[in-house]
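Down below is the structure, laid out as C-alpha cells.
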Amino acid sequence: NIFERKQEARNPFYRVVDLTDTTEDPATWGKNFPLQYDGYMRTVDQKRTRFGGSEAVQRPPTLADPRSIVAQSKLEEDPRLKTMWAGYAFARDFREERGHAYMLDDQTYTERQIAAKQPGTCLHCHASVYVPYKKLGDGDLIKGVEMMNTMTFADARKMVGHPVACIDCHDPGTMQLRVTRPGFLEGIRALKASQGVPDYDPNTMATRQEMRAYVCGQCHVEYYFKGPEKRLVYPWGKGLTVDSILAYYEEQGQTDWTHALSGAPALKAQHPEFEMWSQGIHARSGVSCADCHMPYERVGALKISDHHVQSPILNINRACQTCHRWPEEELKARVETIQQRTFRLRNLAMDALIDLIGDLQAAKAADSTSPRLKEARTFQRKAQFYLDFVEAENSGGFHAPQESSRILGEAIDFCRKGQSVLRTAGFARR
Amino acid sequence: NIFERKQEARNPFYRVVDLTDTTEDPATWGKNFPLQYDGYMRTVDQKRTRFGGSEAVQRPPTLADPRSIVAQSKLEEDPRLKTMWAGYAFARDFREERGHAYMLDDQTYTERQIAAKQPGTCLHCHASVYVPYKKLGDGDLIKGVEMMNTMTFADARKMVGHPVACIDCHDPGTMQLRVTRPGFLEGIRALKASQGVPDYDPNTMATRQEMRAYVCGQCHVEYYFKGPEKRLVYPWGKGLTVDSILAYYEEQGQTDWTHALSGAPALKAQHPEFEMWSQGIHARSGVSCADCHMPYERVGALKISDHHVQSPILNINRACQTCHRWPEEELKARVETIQQRTFRLRNLAMDALIDLIGDLQAAKAADSTSPRLKEARTFQRKAQFYLDFVEAENSGGFHAPQESSRILGEAIDFCRKGQSVLRTAGFARR
Amino acid sequence: MKFPVSLMVLGAVLFGAAAGIGAYTFIYAKGYSYLTDDPSACANCHVMNEQYDGWVKSAHKGAAVCNDCHTPAGFIPKYLTKMENGFRHSFAFTSGEFPEPIRITPRDREIADEACRKCHADITEAIDASHRPGMELSCLGCHARVGHL
Ligand SMILES: [Ca+2]
Ligand SMILES: [Ca+2]
C-alpha cells in the first residue's frame with residue numbers, strides 16, 4: 001500500500017544487520033538489500049538465446065562430478081575446436097558459460113582439472129576470494145593472493161565458500177562499487193601507465209560510470225599465469241587491442257601450450273569481453289557493462305539495478321530500449337544480424353586454421369627438420385590467437401562488430417601466409 | 001532583422017518562372033529556388049578528407065583533354081590496382097570521384113574512353129538525360145534510353161548538355177522527388193519482385209524517406225551492360241548483398257573482362273554505395289543518403305536541403321549532430337576509426353589477391369593446360385569481385401562497417417583457397 | 001549556482017536594454033516569454049518549435065513544462081537563469097548567430113539533470129543514496145530523450 005511505498009522511498013534500505021569488510025555471505029547482505037539479493041539468486045536460471053544464454057543439460061551425477069545439470073558442450077557443438085586446441089586442456093572439456101551462481105562448481109568439476117593440475121590462482125575469478133585473501137595475508141590482500149596462487153587448486157578450494165558475492169563488488173559501508181581483484185588493479189595500472197597516467201587506482205580515480213564496467217573487468221578479461229609463482233597477469237602493458245596483446249606476449253616470450261599435431265608454440269585467448277567491449281561503439285559512447293547486463297528495474301517505488309546478471313537479449317526492454325526506441329523484435333534482429341556475420345566469418349577462419357594445421361602435419365611428416373616449419377608455426381600461433389580472441393569472446397561479435405570481423409579477417413590471412421610458406425618450400429598435401 | 005524572419009517564416013518561396021517537364025537548365029529552376037541552386041553550384045568545390053572528398057590536381061590542358069584540374073589518381077596512390085585490373089580500362093585511368101558539377105567532363109575525358117570504345121549508355125549516370133531520352137523516344141523514356149544506349153559515346157554526348165540537374169530528381173510541377181532513371185526503375189522492380197512484391201514503382205509506391213535514398217540509387221550502384229544492345233542493368237534480381245549479386249552474375253554467365261596476367265574471367269564492381277548502405281545500421285534505422293549528404297540547413301527562418309552534395313565530414317554538425325550529440329571532433333574520429341580498420345583489411349586483401357595472381361602466372365607458365373588453372377581462376381574471380389566491392393565503394397566502409405570487413409575477410413579466404421588449389425597441384429612459386 | 005556570473009548577466013541585461021538590441025527583441029520577439037512558465041510562450045520563437053513539438057509528444061507533456069527542466073529550483077536562481085538565457089537567446093535570435101542544430105549548453109544540461117531529481121528523487125533514491133556527492137549518475141546518460149521525443 002501507499003504508506004509502505006512512501007516508507008520504502010524515503011529510506012530505500014532498512015539496515016537490519018551491520019555489514020563489515022569480513023561479511024562474506026550474500027544472504028547476510030541480502031537482509032539489508034533483499035531486492036538486489038533476489039536478483040542475484042536468480043542467476044541460477046538457464047535459458048538459451050541464439051548465441052548466448054545457456055542450455056540446461058541433464059547428466060548422471062558421479063562422485064568425481066556431482067553436477068546433475070551442466071551447460072551444453074561447445075566441443076560437441078563444433079568438433080573442430082578439438083583440433084584447434086589439440087594438446088591443451090580445453091580440448092578435453094569446454095562448455096558454454098552460464099550464470100554466476102555456477103561459477104565455483106563449474107570450475108571445480110570441469111574435466112580441465114583432470115587434464116592438467118591447476119593452481120589456486122584459478123579461484124581469483126570463480127569465487128568470493130576477497131575475505132579469504134585478506135585472511136591468508138593477514139590483512140594484506142596482495143600477500144594473500146600470492147600465497148593462494150602457489151597452492152594447489154584442491155587446497156585453495158577449501159578456503160572459499162561462495163561464487164562472486166556482494167563484497168567482491170561493493171564497499172560494505174557505503175555500498176559504492178569497488179574493485180577487489182589484484183589482477184585488475186595491476187592490469188589497469190599497467191594499461192594507464194602505457195598511456196602516460198602513473199599510479200592509477202580505479203577505486204579512487206575512476207568515474208562511477210567507469211566502475212560500472214571495471215567491476216566486470218575484474219574477471220571478463222584475457223589472462224595468463226606468469227612464472228612459477230603462477231601470478232595472474234592481464235596482458236595490457238601495450239594496450240587492449242588483440243594486436244597489442246599479442247605484441248605483449250611476444251615480448252614476454254609467453255607460450256600457453258605446444259600444439260599436439262603441428263608442434264606450434266600456441267597461445268589461448270579466454271573471454272576478452274572487457275577488451276573487445278573497449279573497442280566498440282558502446283564503450284566509446286560511455287555505455288558500461290552494467291547498463292546492459294544489470295539494467296535498472298522498477299520495483300515498487302524504487303529503481304534498482306537488476307542483479308540477475310544475464311544476456312540482455314532476455315531483457316531487451318530494460319537493457320536496450322531506454323536508449324534505443326526500436327521494437328524488441330527489431331533490436332533482437334539487429335544483434336543477431338551482427339552475430340550471424342561474425343559466426344559466418346568465424347567458420348571460414350576455423351576451416352582455414354584446420355587446413356594450416358593439416359599442412360603442417362604433412363610437412364612435418366615429410367621433413368621434420370625443415371626451417372620452414374618454424375615460420376609456418378609462427379603463423380599458426382598468430383592465427384590461433386586472433387581467431388580465439390573472437391571465438392572465446394562471448395558476445396558473438398556484438399561488443400565490437402567491425403573489430404571482431406577485422407580480427408577474423410586477419411586470422412584468415414595468417415593461415416594463408418602460413419600455407420604459402422609451406423607451399424613455397426614445395427610441401428604439397430594431396 | 002526580425003521583420004524579415006517573420007516574413008520568411010510565412011512565405012517559403014516565390015515562383016518567378018514556370019517550370020515544365022522539358023525545362024532542363026538548372027539556372028532556370030534556380031530563378032524559383034535560388035537557395036537550392038546556390039548549393040547545387042557549389043559542388044565544384046574540391047576539398048580532401050582522410051578518405052574522401054577530392055584533391056584538386058593541376059594539369060596542362062591538352063586538345064584531347066581540356067581539363068586543367070582533375071582529382072588525384074588512385075592508380076598512382078596504389079599501383080597494386082594496375083595489377084588487380086590488368087587488361088581492363090580501369091588499369092589505364094581511375095581517379096578519386098569529385099563533385100556533381102564535374103561528372104560530365106570527367107566521364108568525357110577519362111582515358112578509359114581511349115582504352116576502350118564506350119557506348120552511349122554511359123551517359124545514363126553522368127548527364128541530365130531525362131529530357132534528351134524523352135526527345136529521342138519522342139515522349140517514350142524507355143524507347144529513348146534504348147536508342148541512346150546503342151549509339152557511340154561520342155554521338156550520344158552531343159545530345160546532352162548538363163551534369164545531373166534539378167529535373168533528374170524533381171517533378172517540375174510539385175517539386176516532389178522522382179526517379180527518372182530506367183536503370184533504377186527496372187533494378188528496384190526486379191529486387192522487389194524477388195521479395196514477393198510485384199510491379200513495384202518507386203514513383204508511386206515509395207515513402208518520402210525512401211525517395212531520399214532512391215534518387216541517389218539512380219546512379220550510386222553496381223551495374224553492367226547487358227548484351228549487344230548494351231542495356232544498363234542493376235544486378236539486383238537475387239538481392240543487394242555482394243553474395244546475391246555474384247550469384248546473379250554467375251547465373252547470367254557475365255564476365256566483364258579477361259585478366260591479362262592470369263587469364264581469369266573477371267568481374268569489376270563499381271560504386272555500390274546504395275547496396276552497401278542497404279546493409280548498414282543507418283539504412284536499417286531509416287536514415288537516407290540525403291539525411292547525411294544533403295542535410296537541412298536553416299536560411300533565415302527556412303529549413304532547406306543543402307544542395308551542395310558532398311562528404312558529410314565537411315559538414316559534420318548538420319550532417320550528424322541532429323541525431324548524434326557528440327562533438328564534431330569525436331564524430332570525425334568515429335568515422336576515421338571505422339575507415340582505418342577497413343583500409344587495413346583492404347590492404348591485406350589486396351596483397352593476397354596480388355599473390356594469387358602471381359601464383360596463377362607461375363602455374364600458367366609451368367603448365368598452361370592444367371585443369372587446376374580453371375579452379376584457381378574461379379577463386380580469383382570471386383576474390384576480385386568481393387575486394388572490389390569494398391574498394392570501389394566510396395565510404396571507406398562507413399556505410400556498413402561490419403559488412404565491409406566481412407566481405408574483405410571472405411576475399412582473403414578466396415585467395416587462400418585459390419593458392420591452395422595450385423599448391424595441391426604441386427605448383428610452387430619460388 | 002554561479003551567483004556572481006548571473007549578477008553580471010543581470011547587469012548585462014539592464015545595460016543591454018539601454019543599448020537596445022537585446023531588449024528590443026526581448027520585447028518585440030516576446031523574449032520576455034522567458035519570464036513566464038507557459039511552454040507555448042517558449043515557442044514564440046520559431047527556433048523553439050522543434051523542441052516544443054518534441055515536448056508535446058513526450059511523456060512529460062502532462063507532467064512538466066519547459067521551465068521545470070530548464071531552470072534550477074528556487075525563485076532567485078530560477079529567474080536569474082531565465083534572465084541570462086532570455087537575454088542570450090534573444091540576442092542570438094536577432095543576430096542569427098547561434099549553432100545549428102541548437103545544442104543545450106553544458107550548464108543548462110546540468111540544470112536539466114538536477115531538475116529530474118526535483119520530481120523523481122524518491123524513485124531514484126536507491127541509485128543515488130549510496131554515492132558521495134559528485135558521483136551521481138547523469139540521468140541524461142540514459143534518458144536524454146525524455147523531454148523531447
Ligand atoms: Ca552463456
Ligand atoms: Ca571523392
Side-chain angles (χ1 to χ4, degrees), chain A residues 241 243 279-281 284-286 324-326 330 333-334 337-349 351-353 355-356 358-359 362 383 390 397-398 400-430, chain B residues 241 243 279-281 284-286 324-326 330-331 333-334 337-349 351-352 355-356 358-359 362 383 390 397-398 400-430:
Chain A
T241 63
D243 320 271
Q279 299 307 304
I281 195 75
R284 187 153 193 153
S285 306
H324 300 287
R325 307 189 158 276
W326 314 107
E330 167 62 11
R334 288 181 180 203
T337 306
I338 290 166
Q339 293 177 318
Q340 285 292 1
R341 276 201 200 105
T342 311
F343 189 61
R344 175 173 171 152
L345 209 52
R346 172 258 190 203
N347 283 329
L348 291 181
D351 286 339
L353 183 61
D355 274 5
L356 172 57
D359 286 3
V390 176
F398 176 83
Q402 192 199 12
E403 174 71 352
S404 298
S405 293
R406 185 221 116 204
I407 293 170
L408 290 170
E410 299 218 10
I412 296 172
D413 196 52
F414 286 132
C415 295
R416 183 184 72 84
K417 288 179 173 138
Q419 290 185 283
S420 305
V421 164
L422 300 177
R423 172 179 45 89
T424 315
F427 295 111
R429 181 159 55 116
R430 284 203 185 58
Chain B
T241 63
D243 319 273
Q279 299 307 303
I281 196 75
R284 183 150 197 158
S285 306
H324 298 289
R325 301 160 172 273
W326 315 108
E330 167 62 11
L331 283 160
R334 286 181 181 203
T337 306
I338 290 166
Q339 294 177 318
Q340 284 292 2
R341 277 202 199 102
T342 311
F343 189 61
R344 174 172 173 153
L345 209 53
R346 172 260 191 200
N347 283 329
L348 291 181
D351 286 337
D355 274 5
L356 173 57
D359 286 3
V390 176
F398 177 83
Q402 192 199 11
E403 175 70 351
S404 299
S405 293
R406 195 267 303 179
I407 293 170
L408 290 171
E410 299 218 8
I412 295 172
D413 196 52
F414 287 132
C415 296
R416 182 184 72 85
K417 287 176 174 145
Q419 290 186 282
S420 305
V421 164
L422 300 177
R423 173 179 45 88
T424 315
F427 295 112
R429 181 160 55 117
R430 282 200 187 62

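Every chain is numbered from 1 and lettered A, B, ... according to where its sequence line falls, protein lines coming before strand lines.
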A:Arg344 vs B:Asp243, test: side-chain contact (heavy atoms from CB on, under 4.5 Å). Steps then yes/no. CA-CA 13 Å; A:Arg344 175 173 171 152; B:Asp243 319 273; 3.1 Å; yes

Decide side-chain hydrogen bond (donor to acceptor under 3.5 Å, both in side chains) for B:Arg284 and A:Thr337; before the verdict, give the C-alpha distance in whole Å, the side-chain angles of both, and the deciding distance to 0.1 Å. CA-CA 11 Å; B:Arg284 183 150 197 158; A:Thr337 306; 3.3 Å; yes

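A distance of 15.0 Å separates OG in B:Ser404 from CZ in A:Arg406, rounded to the nearest 0.5 Å.
Counting heavy atoms from C-beta on, the side chains of A:Arg341 and B:Gln279 come closer than 4.5 Å. Taking 4.5 Å as the limit, some side-chain heavy atom of A:Lys417 sits within range of a side-chain heavy atom of B:Leu348.
For B:Ala411, no part lies under 4.5 angstrom from a heavy atom of chain A.
Defined by atom type and a distance below 3.5 Å, a donor-acceptor pair is present between the side-chain atoms of B:Ser285 and A:Arg334. When only modelled atom types and interatomic distance are considered, A:Arg423 and B:Ser420 share no side-chain donor-acceptor pair under 3.5 Å. One side chain, A:Thr342 or B:Gln402, offers a donor N or O that lies under 3.5 Å from an acceptor on the other.
When the options A:Asp351, A:Leu345, A:Ile412 are evaluated for a side-chain contact (heavy atoms from CB on, under 4.5 Å) with B:Asp413, the one that passes is A:Ile412.
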